[in-house]
Every structure is written in structure tokens, then in C-alpha cells.
Q: 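Okay, here's the structure, questions in a sec.
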Amino acid sequence: VGQIWFEHGDTTHVEFGDLIGEEAFYRLLHSGRGTFREVFFHEPPQQSVMGSSMSLLMEAARRMDEGLIGDGPKQ
């Protein structure tokens, strides 16, 4: 189970399994599956992501290309 919180178009907090923050975001994207549900006006428990959503997506693409997410080598 994963959750992503957005505020003003930017990702502010991500949870995926036991992971929190950017690493949770990368693993959640790599899972490649899921069902999405929108919940409005639900504050995140904390702010675990500081970068822009575009930066997160670019870094996720780089990590997937280099095999750093999933079954590839660990960081």
C-alpha cells in the first residue's frame, strides 16, 4: 500500500510499505501497478519530500534506467 500527498502540485509526503519520503516515491513508481483514489483536504502526517515533483520523476527515471530500483543493484 502506498500513499502520496500533494500540495499546490508538488509532492510533499510519500509512504510505501515501511518506506517514507523520496525512496518510497521511487519504489512506488517502480511497482507499476495500483489503484488510485483521491482524498481531498487530508493533511500529510509529515513533510518527507522537499524537491519538486518534476525532479522526483526525473530521478526516478534515472534510477530505473540504471537499475537502481527493484531487482537491480542497491544504492
Side-chain angles (χ1 to χ4, degrees):
V1 173
Q3 298 181 36
I4 302 176
W5 281 262
F6 297 96
E7 186 174 359
H8 305 293
D10 279 325
T11 305
T12 58
H13 180 65
V14 183
E15 297 177 359
F16 184 58
D18 293 336
L19 300 172
I20 293 175
E22 292 182 16
E23 191 62 35
F25 180 83
Y26 304 137
R27 299 294 174 125
L28 182 61
L29 250 53
H30 184 263
S31 72
R33 57 188 167 85
T35 302
F36 296 89
R37 178 176 53 113
E38 292 179 276
V39 177
F40 295 99
F41 309 113
H42 182 70
E43 293 291 323
Q46 63 180 314
Q47 183 168 355
S48 62
V49 177
M50 303 299 170
S52 71
S53 292
M54 182 60 74
S55 296
L56 287 172
L57 289 170
M58 295 299 291
E59 179 64 11
R62 182 191 72 78
R63 289 178 180 217
M64 285 184 217
D65 285 348
E66 294 180 5
L68 299 174
I69 299 177
D71 297 332
K74 302 290 184 217
Q75 290 186 338

Q: Taking it one step at a time, do Arg62 and Met58 satisfy side-chain contact (heavy atoms from CB on, under 4.5 Å)?
A: CA-CA 6 Å; Arg62 182 191 72 78; Met58 295 299 291; over 6 Å; no
Q: State, with a plain yes or no, whether a side-chain heavy atom of Met64 is found less than 4.5 Å away from one of Leu29.
A: yes
Q: Decide yes or no on side-chain contact (heavy atoms from CB on, under 4.5 Å) for Ile20 and Gln46, but give the supporting numbers first.
A: CA-CA 10 Å; Ile20 293 175; Gln46 63 180 314; 3.8 Å; yes
Q: If you link ILVMFWY side chains whenever their heavy atoms are less than 4.5 Å apart, which other residues fall into the same cluster as Phe40? By chain and number, please.
A: Phe41
Q: Between Ser53 (side chain) and Thr11 (backbone), is there a donor-acceptor pair under 3.5 Å?
A: yes
Q: Roughly how far apart are Arg27 CZ and Asp18 CG, rounded to 0.5 Å?
A: 12.0 Å
Q: For the residue pair Glu22 and Tyr26, establish whether any side-chain heavy-atom pair is separated by less than 4.5 Å.
A: yes
Q: Only one of Leu56, Val49, Leu19 passes side-chain contact (heavy atoms from CB on, under 4.5 Å) with Phe25; say which it is.
A: Leu56
Q: Applying a strict under-4.5 Å side-chain criterion to I, L, V, M, F, W and Y, I'd like to know whether Leu57 and Ile4 cluster together.
A: yes
Q: Using every non-hydrogen atom in the two residues, find where Ser48 and Val14 come nearest and quote the distance to one decimal.
A: OG-N, 3.4 Å
Q: Between atom CZ of Phe16 and atom OG of Ser31, what is the distance when rounded to the nearest 0.5 Å?
A: 4.5 Å
Q: Give the ring-plane orientation class for His13 versus Trp5, where under 30° counts as parallel, over 60° as perpendicular and anything between as tilted.
A: tilted
